[in-house]
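Written below as structure tokens is the structure these notes are about.
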Amino acid sequence: MSYSQLDRPVQFLKGVGPKRADALANMGMTSARDLLYHVPRRYDDASTVTPIARLEVGLDATAVGRVRSKGVIPTRRGLRVFQVVMEDDTGMITVAWPGKPWLERKIREGDTLLVTGPVKFFHGRQIHPREFSLLSRSGEGEPDAGTIFVTYPASEEMPQWQLRRIFETNLDELLSWADDDEYFTEGQRSSRGLPTLGEALTALHRPVNISDAEVGRRRLAFDELFFLQLVQAQARRRATEVEEGIRHERSNELIRPLHEALPFDLTTAQSAVLKEIYQDMRSGRRMNRLLQGDVGSGKTVVAVFAMLLAAEGGYQAALVAPTEILAEQHSRRLREWLEPLGLDVVLLTGSLTAPERREALGAIESGQVRIAVGTHSLIQDTVNFARLGLVVVDEQHRFGVRQRMALVEREGLRPDVLVMSATPIPRSLAMTLYGDLDLSVLDELPPGRKPVETVLKTPNDRDSVYAFVEEQLAEGRQAFVVYPLVSESEKVDLLSATEEFERLRQDVFPERRLGLLHGQLKSVEKDAVMRSFLAGELDLVVATTVIEVGIDVANATVLVIEHAERFGLSQLHQLRGRVGRGASESHCIMIAEPGEEALERLKIFRDTSDGFEIARADLRIRGQGDLFGAQQHGRDPVLRFADLMTDEELLIEAQWAARKLVEADPELREPAQRRMRELLESRYRERLEMFGVG
Ligand code: ADP
Ligand code: MG
């Protein structure tokens with residue numbers, strides 16, 4: 001690693017002694033570089049800061065001023081209110097923090113504060129801060145008036161004003177070193193309209209105006225996305241290019257007859273996606289593709305055509321499902337379509353008898369059978385395919401890249417890989433999570449699909465909901481009732497599946513046959529319940545969210561979701577996908593007593609049937625951090641600067657740049673890429689571990 005001043009411990013900076021160095025370390029900053037990359041979390045300027053004289057009651061505003069006086073005032077209800085009088089050149093206002101008397105020890109007369117919150121009337125104008133920061137300490141220098149107020153992420157031990165002091169003292173020097181980390185050539189940078197790192201960091205710490213800071217942010221956002229894509233491009237290359245893939249040959253001897261036999265035409269989206277898949281499969285590069293599409297968008301048909309392409313050229317194709325019961329469902333469908341073409345489909349599951357299993361394995365090993373369906377065990381150890389050319393993975397949960405490749409990485413095997421996901425996510429998120437895969441999207445449902453009628457009810461409506469369910473059951477239909485919890489002991493104030501199952505069975509639907517399904521059952525038990533339901537031996541299944549990973553029951557037309565406010569948008573959408581699989585009108589009934597925030601979510605869900613639109617709303621509401629899941633909990637966030645809602649173009653550019661670079665110089669050995677390689681190892685590799693692409 002080439003040495004830079006930025007590698008020096010933060011303690012060598014002016015004004016940072018051991019104690020402050022500790023405080024900085026607790027915030028994750030140990031080197032000068034860390035400090036330089038500690039960028040503001042908000043900016044305020046004349047466009048956002050209101051002069052105190054103009055703070056009118058009813059506004060929600062930000063103001064900056066100096067503390068003239070302060071005190072703690074008791075109220076009649078025993079609440080202690082910390083108040084200061086704050087002034088700027090235009091006037092004075094009271095700032096009040098009800099219930100926060102301890103602030104008395106933090107804020108001094110002469111301090112400069114930035115406060116944001118509603119302006120109220122209470123013995124005169126008062127602003128009640130939702131957020132505030134202490135911009136400068138009394139007597140420790142002035143915040144530059146008339147410029148931009150930057151607010152850094154701060155901590156208890158390292159308050160805002162101290163951080164700002166440290167930056168004031170050291171920023172010139174830090175910025176003079178910033179270009180040590182530049183890893184792009186002049187040409188690479190300017191062709192993308194990106195500033196140098198030095199320019200970007202200067203703009204971030206000392207913006208001339210707020211749009212200037214945005215230019216800086218874009219550069220750092222690009223860097224994050226680029227390094228992530230770089231790691232994924234390397235993984236993609238290893239998966240697809242290191243060895244020759246199979247050049248599948250198309251004869252149409254199977255594909256054409258299936259087209260003719262199907263009772264429908266492919267949708268435009270299906271045809272477009274299939275073209276991408278055929279192209280991959282016929283090229284010498286190994287396919288590693290993700291097929292995304294909402295429940296019911298027709299992924300299975302697409303997969304079957306891909307399998308036929310493999311079969312036409314004499315290869316075998318395997319379809320891998322996450323559960324036995326799903327594997328059975330797939331095999332039923334495949335048989336229906338393929339047996340008329342004279343093509344055998346073998347189903348390999350744990351429930352085969354020993355002789356059946358031996359026979360199935362024999363057919364696979366001899367190459368006599370070209371289409372196989374099973375769970376993950378299908379492509380593990382004991383099964384030796386004669387000529388495996390394609391693996392289709394029906395993925396319910398996201399595998400890491402490494403896990404996925406391990407699934408298909410076998411001695412001498414280089415099958416093409418098609419991953420199917422029924423969880424719609426926005427393209428930008430898919431590119432980030434699955435950057436090593438090529439992406440195909442089915443963004444169109446086959447025609448004539450009736451959306452599931454979705455309504456929102458309150459607990460008071462429960463009886464009428466049950467009456468409606470009973471009506472449907474009387475017509476021979478089936479229903480699901482979903483609860484957020486398995487049993488009451490988990491949390492007392494919520495209805496739970498086990499207790500409600502008893503109640504529904506005894507008191508509400510005594511004439512009906514009910515089943516219970518939850519995640520604490522063994523998988524054979526779960527399968528047994530679903531099998532009975534599928535066979536029509538149960539009328540109603542009480543379940544937790546395990547039916548998310550469920551199967552198609554065409555006769556199930558009602559889904560009741562209790563405590564709907566407890567579920568996220570995407571989860572609700574997955575649940576709703578369990579009904580509406582047949583020809584009859586289906587219903588999704590949410591029962592909830594939502595707060596305001598949940599109500600917004602439930603209304604979006606009620607009014608939207610497009611899974612991609614729901615996913616975008618989910619990203620907007622929950623924020624991207626949440627969507628990376630628990631993996632990033634307690635770590636440096638994977639993306640600090642990039643925003644997947646707004647940076648899609650930047651992301652596309654970053655992916656393109658990374659892939660192009662890796663094609664030309666896979667291991668970044670060229671001298672021109674030395675700095676990039678070093679940065680990848682020192683700054684990004686660990687952060688990107690969660691992507692499983694190491
Ligand atoms: P997914 O696997 O994406 O959930 P499926 O492949 O199970 O979707 O398709 C759902 C249903 O739609 C199936 O019954 C399938 O036969 C049917 N289907 C698929 N493609 C079309 C199409 N282009 N037109 C009409 N029906 C279709
Ligand atoms: Mg399916």
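Read the numbers this way: they start at 1 and go in the same order the structure lists the ligands and their atoms.
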Which part of [X] is near ligand 1, with near meaning a heavy atom under 4.0 Å away: side chain, backbone, both or neither?
X    : result
V302 : neither
L266 : backbone
D294 : backbone
M420 : neither
R449 : side chain

Got a salt bridge between [X] and [Y], using NZ or NE/NH1/NH2 to carboxylate O under 4.0 Å?
X    : Y    : answer
R576 : D294 : no
E312 : R282 : no
R332 : D552 : no

Under 4.0 Å from a heavy atom of [X]: give me the atoms of ligand 1 that qualify, with their elements.
X    : answer
T267 : 23 (N)
V301 : 6 (O), 19 (C), 20 (N)
D265 : 22 (C), 23 (N), 24 (N)
T300 : 2 (O), 5 (P), 6 (O), 7 (O)

Got an N/O contact under 3.5 Å between [X] and ligand 1?
X    : value
D552 : no
P446 : no
V295 : no
W337 : no

Quick check on G296 - does any of its heavy atoms sit under 4.0 Å from an atom of ligand 1?
yes

Among the heavy atoms of S297, does any lie under 4.0 Å from an atom of ligand 1?
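Yes.
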
Under the side-chain hydrogen bond (donor to acceptor under 3.5 Å, both in side chains) rule, what pairs show up with a residue in residues 439-452, not counting sequence neighbours?
E276-S440, R289-S440

Yes or no on side-chain contact (heavy atoms from CB on, under 4.5 Å) for I277 and D280, after CA distance, side-chain angles and deciding distance?
CA-CA 5 Å; I277 292 171; D280 277 4; 5.7 Å; no

On a heavy-atom basis, I'd like to know which of Q329, R333, K299, H330 is closest to atom 14 (O) of ligand 1.
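Looking at heavy atoms only, R333 sits closest to atom 14 (O) of ligand 1.
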
Donor-acceptor pair, side chain of Q316 and main chain of A386, under 3.5 angstrom:
yes

Checking ring pair (Phe, Tyr, Trp, His ring centres under 6.0 Å) for the pair F533/F480: CA distance, chi angles, key distance, verdict?
CA-CA 10 Å; F533 193 60; F480 291 106; 4.9 Å; yes

I'd like to know if the side chain of D618 pairs up with that of H573 as donor and acceptor (distance under 3.5 Å, no hydrogens or angles considered).
no

What pairs with T349 under side-chain hydrogen bond (donor to acceptor under 3.5 Å, both in side chains), at least two apart in sequence or on another chain?
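Partners of T349 by the side-chain hydrogen bond (donor to acceptor under 3.5 Å, both in side chains) criterion, ordered by chain and then number, come out as S351.
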
Do the non-hydrogen side-chain atoms of E470 and R512 ever get within less than 4.5 Å of each other?
yes

